[in-house]
Structure formats: structure tokens, C-alpha cells
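Below: the structure, in C-alpha cells.
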Amino acid sequence: MSEWTSVRDELPSFEEYLGSLDASRCVLIYTTDKIISVAHLTNHLNNLNPMVWAKCNCDYLGLTLGEEQWNLDEVTHWMPLPEPPKEKE
């Protein structure tokens, strides 16, 4: 399983997902309020702030954007989502 990455050390790749609405851009985040959520980096929800973390409700077929969002300084760590469980045939 992946380890938590400090946002001071590295952010998830942002540019490769511009215009993409699929679950590959979602990661787990840990906030300064000790909340763990699924979110992604975006710059299209808030024109006053060039980049924010936006909560996403996602599955591996796509995602819908949640209304909750966090400024960059409100998230301390992130990690990739695990692979979904494999179904037995």
C-alpha cells in the first residue's frame, strides 16, 4: 500500500489531468482539520484561487465533482487511491 506524501514534498501530477473527468485524478487527502477525503486538484471551481482540492465522488468509470473544497494550505498529505478489489469469477 502507498504511503502518505507530504504536500510540501510533492503534489499529484496536475497538468496531465486537465480536462479529464475520470477517477484516475482522485487521491486520498488528509486535511489540517484531520479529515480524510477523496479529492483531486483542480483550477476550475474557484476563479479567485488558481488551484484548490475539490472533493470528488468517484468510481473507476468516472467522477462527479462535490461542492466541498479545500485551499492548498488546508491539505497536509495525500496518497494514491488503492486499486479496486478484484471480483472472483
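FYI, the numbering just counts along the sequence from 1.
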What pair of heavy atoms forms the shortest contact from Trp78 to Trp53, and how long is it? CB-CH2, 4.2 Å
Between side-chain atoms of residues 5-12 and protein atoms elsewhere (two or more places apart, or another chain), which donor-acceptor pairs fall under 3.5 Å?
from, atom 1, to, atom 2, distance (Å)
Ser6, OG, Arg8, N, 3.1

Looking at OG1 of Thr76 and NZ of Lys34, how far apart are the two atoms once the value is rounded to the nearest 0.5 Å? 9.0 Å
Separation of His40 NE2 from Cys26 SG (nearest 0.5 Å): 6.5 Å
Taking all non-hydrogen atoms of both residues into account, name the closest pair between Glu3 and Met79 and its distance. O-CB, 3.6 Å
Tell me every residue that passes side chain to side chain contact (heavy atoms under 4.5 Å, CB included) with Asp33, counting only those two or more places apart in sequence or in another chain. Thr31, Ile35
Just one of Ile29, Val27, Thr32, Leu41 clears the side-chain contact (heavy atoms from CB on, under 4.5 Å) bar with Val75, so which one? Ile29
